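The structure is given below, and queries will be raised subsequently.
Note that the structure is a prediction, hence the values are computed from the model and not measured. Indexing begins at 1, ligand by ligand and atom by atom, following the structure's order.
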Amino acid sequence: MKFTGASLITAVLTICASLSVKASDIGTPKSVTYDGGIVMTGLVNIYFIFYGNWQDEHQVQLMDFVDSLSNTAWFNTLRLYNDRLGNNVTGPLYFAAAINDNYSHGRSLQGNATHIDIIEKAIESAYLGKGTDHAGIYFILAAEDVDEEGLCTKWCAYNSYTSDFVYAFIGHPNKCPQLCIPELNRNVSPNGDPALDATVNMIAHELVELMTDPHNDAWRVGNSTASEEISEWCMPPNATPEEWFGPNVQKLDSGASWNLQVNDTKWLIQSVWNPVAKKCVMSS
Ligand SMILES: *[C@@H]1O[C@H](CO)[C@@H](O)[C@H](O)[C@H]1NC(C)=O
Ligand SMILES: *[C@@H]1O[C@H](CO)[C@@H](O)[C@H](O)[C@H]1NC(C)=O
Ligand SMILES: *[C@@H]1O[C@H](CO)[C@@H](O)[C@H](O)[C@H]1NC(C)=O
Ligand SMILES: *[C@@H]1O[C@H](CO)[C@@H](O)[C@H](O)[C@H]1NC(C)=O
Ligand SMILES: *[C@@H]1O[C@H](CO)[C@@H](O)[C@H](O)[C@H]1NC(C)=O
């Protein structure tokens with residue numbers, strides 16, 4: 001559900017060590033569970049709310065990414081998830097609309113009630129189309145000068161839902177690069193801006209979880225007392241660095257790492273748990 005990165009992971013690993021979790025347990029699911037809820041099937045419209053100042057060029061890169069992501073072999077893994085009625089995730093993803101929110105709720109946001117209000121106001125404005133899209137996904141993308149009480153203390157991004165829509169909040173990775181930007185690309189990244197590149201990775205992470213578990217009652221990994229949505233399974237501390245981005249990470253001349261090309265643009269995107277092969281994969 002929550003995207004957390006490196007520093008927090010160190011803390012979690014330390015705690016695990018004292019509970020004597022063996023290194024060999026990494027990457028071995030306790031269990032992958034399906035609790036009977038729906039997955040997101042058919043065409044899924046994606047909406048972006050750029051909260052605060054964003055460069056136009058970055059907005060276009062983020063929109064192009066989600067608009068083309070379902071054409072990749074990476075997305076095929078999601079198509080292996082189905083629900084009780086046998087309906088699989090299919091895609092495609094379609095980039096429907098974006099809106100700029102000029103700090104309507106200030107620069108210090110406080111919790112999901114505020115996030116939900118931002119989305120509802122955006123929907124009411126009608127710039128995102130007519131009415132609420134119950135089968136779409138709303139993303140709030142926070143600009144660099146936006147604080148959030150949970151950002152960097154609990155997560156870099158998270159997803160959730162209301163009775164009307166599902167959504168994700170993506171914090172700006174420069175708020176805490178150690179936590180939110182993968183070490184491989186913290187200094188140099190394929191598209192020249194480590195925060196932008198890390199944002200795309202977080203969008204992918206949350207998309208996977210929303211498609212396979214939109215209402216927190218479908219696909220999860222864990223055990224009888226604790227479980228998480230599936231993207232958590234393919235990143236540290238649950239996965240090795242190689243499982244996280246797959247075995248075929250390539251380097252540009254600049255030294256930047258990438259592993260997935262989406263409509264001519266190279267990105268570094270985390271792997272996805274394949275429920276049939278039972279491992280983290282970059283393509284299916
Ligand atoms: C793919 O890239 C081309 C060239 O950059 C662009 O014109 C096109 O709109 C992109 N397609 C999508 C679906 O983003
Ligand atoms: C739908 O999901 C099931 C269960 O993982 C899988 O066996 C099947 O191949 C999937 N169907 C398609 C068309 O991908
Ligand atoms: C955003 O709001 C500020 C005042 O709060 C204003 O100065 C600025 O022009 C606004 N920007 C846009 C793009 O509307
Ligand atoms: C809002 O956040 C709280 C605490 O993080 C959580 O318990 C609650 O389920 C969330 N509600 C929604 C609608 O996301
Ligand atoms: C389930 O996993 C959590 C977190 O890893 C652990 O603290 C807990 O002891 C586990 N419970 C069982 C019943 O294995």
#### Entry: All pairs passing salt bridge (charged side-chain N to carboxylate O under 4.0 Å, His left out) where residues 53-62 contributes a residue, at least two apart
none
## Note on the structure
Sorted by chain and residue number, the salt bridge (charged side-chain N to carboxylate O under 4.0 Å, His left out) partners of Asp213 (sequence neighbours excluded) come out as Arg220
### Message
So does Glu209 get a backbone contact from the side chain of Asn159, meaning a donor-acceptor N/O pair under 3.5 Å?
### Response
no
Show me the short polar-atom pairs for ligand 2: any N or O of it lying under 3.5 Å from a protein N or O, with distances only.
| residue | atom | partner | partner atom | Å |
| --- | --- | --- | --- | --- |
| ligand 2 | 2 (O) | Leu80 | O | 3.3 |
| ligand 2 | 2 (O) | Asn82 | ND2 | 3.3 |
| ligand 2 | 2 (O) | Asn88 | ND2 | 2.4 |
| ligand 2 | 5 (O) | Leu80 | O | 2.5 |
| ligand 2 | 11 (N) | Asn88 | ND2 | 3.0 |
| ligand 2 | 14 (O) | Arg79 | O | 3.4 |

### Query
Between Asn76 and Ser284, is a side chain to side chain donor-acceptor pair (under 3.5 Å) present by the stated rule, with each step listed?
CA-CA 5 Å; Asn76 283 343; Ser284 292; over 6 Å; no
### Query
Taking atom CG of Leu196 and atom CG of Asn201, what is their separation to the nearest 0.5 Å?
11.5 Å
#### Entry: Set of residues satisfying side chain to side chain contact (heavy atoms under 4.5 Å, CB included) with respect to Thr265, sequence neighbours excluded
Asn191, Trp267
### Query
What atoms in ligand 3 come closer than 4.0 Å to a heavy atom of Asn102?
1 (C), 2 (O), 3 (C), 8 (C), 10 (C), 11 (N), 12 (C), 14 (O)
